[in-house]
There are 2 protein chains.
Amino acid sequence: MKKTLHETIRTDMEAAILSGALAAGERLPTEADLMEQYGCSRMTVNKAISALVAASLVERRKKAGSFVARPKMHSMVLDIPDLEAEVLQRRQRYAFHLLSREIRLADPQKEYEQQLSGGEALLVLTGLHLADGQPLAFEERSVSLAAVPDMAQQGFELISPGAWLLKHVPWTEAETRIAAVNAAPEVARHLDQDVGTACLYIERRTWRGEAGVTWVRQHFIGKDYDLIAHFGPARSGGAI
Amino acid sequence: MKKTLHETIRTDMEAAILSGALAAGERLPTEADLMEQYGCSRMTVNKAISALVAASLVERRKKAGSFVARPKMHSMVLDIPDLEAEVLQRRQRYAFHLLSREIRLADPQKEYEQQLSGGEALLVLTGLHLADGQPLAFEERSVSLAAVPDMAQQGFELISPGAWLLKHVPWTEAETRIAAVNAAPEVARHLDQDVGTACLYIERRTWRGEAGVTWVRQHFIGKDYDLIAHFGPARSGGAI
DNA sequence: CAGTGGTCTAGACCACTGA
DNA sequence: CAGTGGTCTAGACCACTGA
């Protein structure tokens, strides 16, 4: 793998920072210094340092110079694994089992349904994600038919609603809430667990521009499922 | 707020993509087109489009051109709130209560302790995070004294171990596992909850370069705490 | 007020790859 | 094989801000 010049400069500086040779708060060489050191133009140096700024490893101050940033763990990158892929990776069979399906207007009592529907009908589904026939997660989902009219025709025998949406709808924004709850009787029954079993509860809303697309609640059996988040320079691609 | 030229081009393209005027898979104007359209040099266009590539909104293919990327929800940005700040925001008093403190060698039976210690002693702590005097989370932490020798002198009456580490140690990498568990008897007792109460379980390992810094397990009372993750163009700064 | 980074130009040569 | 993006140069003017 041949490295470009700005990558070389970038990784050299990165290595110096991660090894501690350049400690947090210390000043990097100026762009002029690096131009001379690498025998290149200023644009090339600038590109290298800009990448480090984008990665929050460096902060720049005019007149003063560029400095090693102190890492701030304000956020981490949360992997959102594809459920089917993850089950297959465990060498188990994956299946989605549709439990109920309904097309109806938004409940005026429920604020989130009003927001999602945009005045049109909702497709309301419940179902189970199965691994080797055993329940892994119970899912309750509402889909805006205003945003996704095609979804009314789907059967979801071969593909889960989530996977279908992923494939067919270009969303732009999503928000996920993660919590731990004791399984309520209905949830416990669907998951074939005792009432009160700890479940990882994931609630996600998805938008396309201003319009809501879908709103989903999932209960995962706590002992069978967890989430992983990372922080660090070994990040896996543009996490937006 | 005056926009620079490359920011103008970037936001123009971004708006076209998010509004749907440029749908997923469609081709953007070539760099030559944009040079003419904005009357600028190619470097400026390139910088604008490169930013969109970094944000995963655009993919480039040589000879073919630049295309609107289909969003892939492989990862989201998980907010890691500062516990003390969050408690204060609820208008409650925050406190950390140290339950135990021990300096000892790594247990040869426990792989993670071996990895963390680097052969040196560990500082092993347990404690409670309190909101208005009520337990919010039970924490078990091991700290590598090889990486953080100063920590042995701390009392943690005024500041929690996590906050102290955040302030004094420049780590570079972290990994967090998030799960739901039923409270074991010891955890339930510390949290003043019934045995079996659903807890959000967070386990985090932190490194500085190759050396482990700390390893922490936290049990949060499920009904009192949750986590939020985001995906979308309205991202909050360089999430690495 | 001088040194720093921020931005931009008008070129250049190149590698890749789809038509 | 021609059009695309990838990279780089050698300059330029500017805004900001710490000494």
Side-chain angles (χ1 to χ4, degrees), chain A residues 1-17 22-70 235 237-238 240, chain B residues 1-17 22-70 72 237-238 240:
Chain A
M1 174 91 176
K2 203 175 71 181
K3 263 190 213 167
T4 60
L5 193 40
H6 73 262
E7 277 177 334
T8 303
I9 301 174
R10 181 195 199 281
T11 52
D12 283 1
M13 291 295 113
E14 200 169 276
I17 292 169
L22 278 170
E26 272 192 67
R27 187 177 151 169
L28 270 67
T30 65
E31 297 195 350
D33 291 342
L34 291 170
M35 278 171 68
E36 196 172 345
Q37 185 177 331
Y38 289 93
C40 67
S41 76
R42 213 184 121 210
M43 277 299 281
T44 305
V45 171
N46 191 281
K47 190 168 184 172
I49 307 297
S50 292
L52 295 174
V53 170
S56 300
L57 276 174
V58 164
E59 281 167 5
R60 284 157 141 174
R61 291 201 297 277
K62 286 185 184 176
K63 162 78 178 176
S66 300
F67 299 83
V68 179
R70 185 169 295 277
R235 63 207 172 286
I240 70 168
Chain B
M1 174 88 177
K2 203 174 71 180
K3 263 191 215 167
T4 61
L5 193 42
H6 74 261
E7 277 177 333
T8 303
I9 300 174
R10 181 194 199 282
T11 52
D12 283 1
M13 290 297 112
E14 198 169 278
I17 291 169
L22 278 170
E26 273 191 67
R27 188 177 150 169
L28 270 67
T30 66
E31 297 195 350
D33 290 342
L34 290 171
M35 279 172 68
E36 196 172 348
Q37 186 178 331
Y38 288 93
C40 66
S41 76
R42 213 185 121 209
M43 277 298 280
T44 305
V45 170
N46 192 281
K47 190 167 185 172
I49 307 297
S50 292
L52 295 174
V53 171
S56 300
L57 277 173
V58 163
E59 281 166 6
R60 285 157 141 175
R61 290 202 297 277
K62 285 186 184 176
K63 162 78 178 180
S66 301
F67 299 82
V68 179
R70 186 169 296 275
K72 290 169 192 164
I240 72 169

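Just so we're clear, the structure is a prediction, and the values are computed from it rather than from any experiment.
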task: Assign a letter to each nucleotide of nucleotides 12-19 of chain D from its 5' end: B, base within under 4.0 Å of a protein heavy atom; S, sugar-phosphate only; -, no contact.
output: B---SBB-
According to side-chain contact (heavy atoms from CB on, under 4.5 Å), who are the partners of [X], at least two apart in sequence or on a separate chain?
X     : value
B:E36 : none
A:S41 : A:M43, A:T44
A:Q37 : A:L34
B:A64 : B:R61, B:F67

Calculate the interatomic distance between [X] atom [atom1] and [N] atom [atom2]; express it in whole Å.
X    : N     : atom1 : atom2 : answer
B:L5 : C:dT7 : CG    : P     : 11 Å
A:E7 : D:dT7 : CD    : P     : 7 Å
B:H6 : C:dG6 : NE2   : P     : 10 Å
B:K3 : C:dC8 : NZ    : C1'   : 18 Å

May I ask you to evaluate whether [X] reaches the phosphate of [N], defined as a side-chain N or O under 4.0 Å from OP1 or OP2?
X     : N     : answer
B:S66 : D:dG5 : yes
A:T44 : D:dT9 : yes
A:N46 : C:dG6 : yes
A:K47 : D:dT7 : yes

query: Closest heavy-atom contact between A:V68 and A:A23?
result: CB-O, 3.4 Å
- prompt: Which atoms form the tightest heavy-atom contact between B:A69 and B:S56, and what is the distance?
  reply: CB-O, 3.6 Å
Side chain to side chain, B:S66 and B:L52, heavy atoms closer than 4.5 Å: no
field: Listed once per pair and sorted, the salt bridge (charged side-chain N to carboxylate O under 4.0 Å, His left out) pairs that draw on residues 43-55 of chain B, sequence neighbours left out
entry: none
message: Which residues in residues 24-41 of chain A have a heavy atom closer than 4.0 Å to any atom of DNA chain D?
response: A:G39, A:C40, A:S41
- prompt: What pairs with A:R42 under salt bridge (Lys or Arg N to Asp or Glu O under 4.0 Å), at least two apart in sequence or on another chain?
  reply: A:E31
task: Treating a pair as Watson-Crick (purine N1 to pyrimidine N3 plus N6-O4 or O6-N4) or G-U wobble (N1-O2 and O6-N3) with both distances under 3.5 Å, list the stems of 3 or more consecutive pairs that involve DNA chain C.
output: C:1-18 with D:1-18
task: List for me each residue that meets side-chain hydrogen bond (donor to acceptor under 3.5 Å, both in side chains) alongside A:S50, sequence neighbours excluded, and say none if there are none.
output: A:N46, A:R60
field: Counterpart residues, side-chain hydrogen bond (donor to acceptor under 3.5 Å, both in side chains), relative to A:T30 (two or more places apart)
entry: A:D33
